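Read through the structure below, which is laid out as structure tokens, and then see the notes.
Letters go in sequence order (proteins before strands), and every chain restarts at 1. The shown structure was predicted, so the numbers you read here are calculated from the model rather than taken from an experiment.
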There are 2 protein chains.
Amino acid sequence: MLYAVVMSSALPPFPKPQEPLEPPRLLEVESAPDEPCLRADAARNRARLLEAAARLIAEHGVAGVTMEAVAAAAQVGKGTVFRRFGDRNGLLTALLDHSARQLQADFLGGPPPLGPGAPPLERLRAFGVAVLYRSAEQLDLQLAAQPEPARRFSHPSVQALRTHVAMLLRQIVPTADCELLSQTLMASLDPALIHHLTRQCGMPMHRLESGWHDLVARLTGTEWSG
Amino acid sequence: MLYAVVMSSALPPFPKPQEPLEPPRLLEVESAPDEPCLRADAARNRARLLEAAARLIAEHGVAGVTMEAVAAAAQVGKGTVFRRFGDRNGLLTALLDHSARQLQADFLGGPPPLGPGAPPLERLRAFGVAVLYRSAEQLDLQLAAQPEPARRFSHPSVQALRTHVAMLLRQIVPTADCELLSQTLMASLDPALIHHLTRQCGMPMHRLESGWHDLVARLTGTEWSG
DNA sequence: AGGCTAAGCGGACCGTGGTCCAGTTTCATT
DNA sequence: AATGAAACTGGACCACGGTCCGCTTAGCCT
């Protein structure tokens, strides 16, 4: 299996490393047919790079994903990798993009309790569990893809999740500072934290799950006995 | 002003980069007279390095703190910097060490409401505010000193803070999973998050402060009107 | 004082992320 | 089909973090 040829951000020319990267664009999740306008050769190379990266991960773990190694494995110049993905983080993120889109689609338009239709509290609870397990599955990659501190929270995909949480929160506790509260909730689902708790502190996943339910209950002032 | 000549971890020989770094040692905060046994020349160089690093920060910002630059500025070999501080992170952390110890001393043995004497809830509230403002003061350095994701939570100084929070929580909500809850609370004080909220989202500090009080109130099931 | 040894030193060396730009390819236009 | 410009390519190049190892030196022991 190889990672789909989709990505969340098209990189402008090159000269300038462009900061804003692109707005969240919550609404067109499953629509965009890959990179809209990408020259044929560019698209081909992109696919080869992603495939090569995936192969390298499978063989040598995330640490084996060196920009040079990927370029070599895809029989492409190093510059091309950087042009396409911006930096190492961009490449790793692209690898995660498929599942990120999946998750987004699930809670935006999927079946309840994750998707619309269930009461907000239910959705919020389900959301945390979903994120928790998704992260747990791809921990290494998630960890390695973590950008430098300053950008951790501004990444579009992270923003999208947080915005969704804020939206749910507003329906549950309209009087609270939901922006802030949503940040806290998201912070408690940080892959690095999950890694620490499960791998370094030895907590089982079900404890994190209970923790999430408890946390949500406390923050929203609802009841929960677990 | 230059950063005091203290540091939280003595580095073993060199050959092995030693993982465990050192236990939290919560109790001897103000006691240790700097590095206990350090050869005269080593101690001198250490001081010169810290001073040089501080100077570089003042002049060129954190980004200017290159290991080579520091070595050169201190008129010392590059290898010496690494031997003394392990890596760039260690150096940056050493720069922060003074204020970290200060904070620790304050909540372990200082006057209420931070120190013992005040009711736990009071202390917890004060604790968050203290951490908040301390981080805000040294944001750049705190950000730059943030280690790779996997170690973020295992750093002794972070552990110490979290343990303290857990202790307070146990007194306030004995039936809760205080370990987990304390992680959440600490996560909401993450320097990277503070940076994001204040510098990128433009939130004023007082809003974060209110947010903390509100968060504590909700988590502990106590009242608060702000 | 002299000598012994572990601790400390320093700078050459390496790998990796990231940049640059001259040359090449694609493709819309005619 | 020819053409021109925008987009893409590739590999030489750079800076920085980090390692290694032969040499020096502090500080103890006699």
Side-chain angles (χ1 to χ4, degrees), chain A residues 7 10-19 35-49 52-53 56 60-94 144-148 151, chain B residues 7 10-19 35-49 52-53 56 60-94 144-148 151:
Chain A
M7 189 176 139
L11 301 184
F14 198 28
K16 278 304 98 191
Q18 80 301 325
E19 322 298 349
E35 289 295 311
C37 38
L38 202 54
R39 241 169 60 174
D41 53 346
R44 191 202 56 207
N45 282 344
R46 201 182 113 86
R48 279 162 73 170
L49 283 168
L56 282 180
H60 308 109
V62 180
V65 181
T66 277
M67 296 306 259
E68 270 185 5
V70 174
Q75 294 185 292
V76 140
K78 196 177 168 184
T80 303
V81 192
F82 281 95
R83 156 169 294 268
R84 193 55 48 207
F85 299 103
D87 57 9
R88 197 180 120 103
N89 246 301
L91 175 58
L92 263 17
T93 301
Q146 200 128 97
E148 64 190 278
R151 308 219 169 140
Chain B
M7 187 176 141
L11 302 184
F14 198 29
K16 279 304 99 193
Q18 80 297 323
E19 322 297 349
E35 289 295 311
C37 37
L38 202 53
R39 236 170 63 174
D41 52 346
R44 190 202 57 208
N45 282 345
R46 201 182 114 86
R48 281 163 71 171
L49 284 168
L56 282 180
H60 309 110
V62 179
V65 181
T66 278
M67 295 308 257
E68 271 186 4
V70 174
Q75 293 186 293
V76 140
K78 196 177 168 186
T80 304
V81 192
F82 282 95
R83 156 171 293 268
R84 191 58 47 208
F85 298 103
D87 58 8
R88 195 180 122 104
N89 246 301
L91 174 59
L92 263 18
T93 301
Q146 201 127 93
E148 64 190 279
R151 308 218 169 142

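The NZ-C1' distance, from A/Lys78 to D/dC14, rounds to 10 Å in whole Å. Protein atom CE of B/Met67 is 20 Å distant from nucleotide atom P of C/dT16, rounded to whole Å. Taking atom CD of B/Glu68 as the reference point, atom C1' of D/dG18 lies 11 Å away to the nearest angstrom. In this structure, the CG atom of B/Leu49 is 9 Å from the P atom of C/dG10, given to the nearest Å. The separation between A/Leu92 atom CG and C/dG17 atom C1' is 13 Å, rounded to whole Å. Atoms CZ (A/Phe85) and P (C/dT16) sit 19 Å apart, rounded to a whole Å. Remark: C1' of C/dC13 and CZ of B/Phe82 are 13 Å apart, rounded to the nearest angstrom.
Taking CD of B/Glu148 as the start and CG of B/Asp87 as the end, the distance is 8.5 Å to the nearest 0.5 Å. Remark: B/Gln146 CD to B/Arg151 CZ distance equals 14.0 Å, nearest 0.5 Å. Considering CG of B/Leu49 and CG of B/Leu56, their distance stands at 10.5 Å, rounded to 0.5 Å.
Listed nucleotides: C/dC9, C/dG10, D/dG10. Nearest to the side chain of B/Val76: C/dG10. For A/Arg83, whose side chain is taken as the heavy atoms from C-beta onward, the closest listed nucleotide among C/dC9, C/dT16, D/dC8 is D/dC8. The side chain of B/Asn45 lies closest to C/dC9, out of C/dG18, C/dC9, D/dC16. Side-chain atoms of B/Asp87 lie closest to D/dG18 of the nucleotides D/dT9, D/dG11, D/dG18.
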Could you go through nucleotides 27-30 of chain D and list every protein N or O atom that sits under 3.5 Å from one of its N or O atoms, giving the distance for each pair?
from	atom 1	to	atom 2	distance (Å)
D/dG27	OP1	B/Ala40	N	2.8

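Between D/dC8 and A/Thr80, no contact under 4.0 Å exists linking OP1 or OP2 to a side-chain N or O.
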Show me, pair by pair, the donor-acceptor contacts under 3.5 angstrom made by side chains of residues 61-81 of chain A, not counting sequence neighbours?
from	atom 1	to	atom 2	distance (Å)
A/Glu68	OE2	A/Lys78	NZ	3.3

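Comparing the helix axis at one end of the helix from C/dA1-D/dT30 to C/dT30-D/dA1 with that at the other, each defined from 5 consecutive pairs, gives an inter-axis angle of 10° (nearest 10°).
Here the shortest heavy-atom pairing between B/Asn89 and B/Ala144 reads OD1-O, 4.5 Å.
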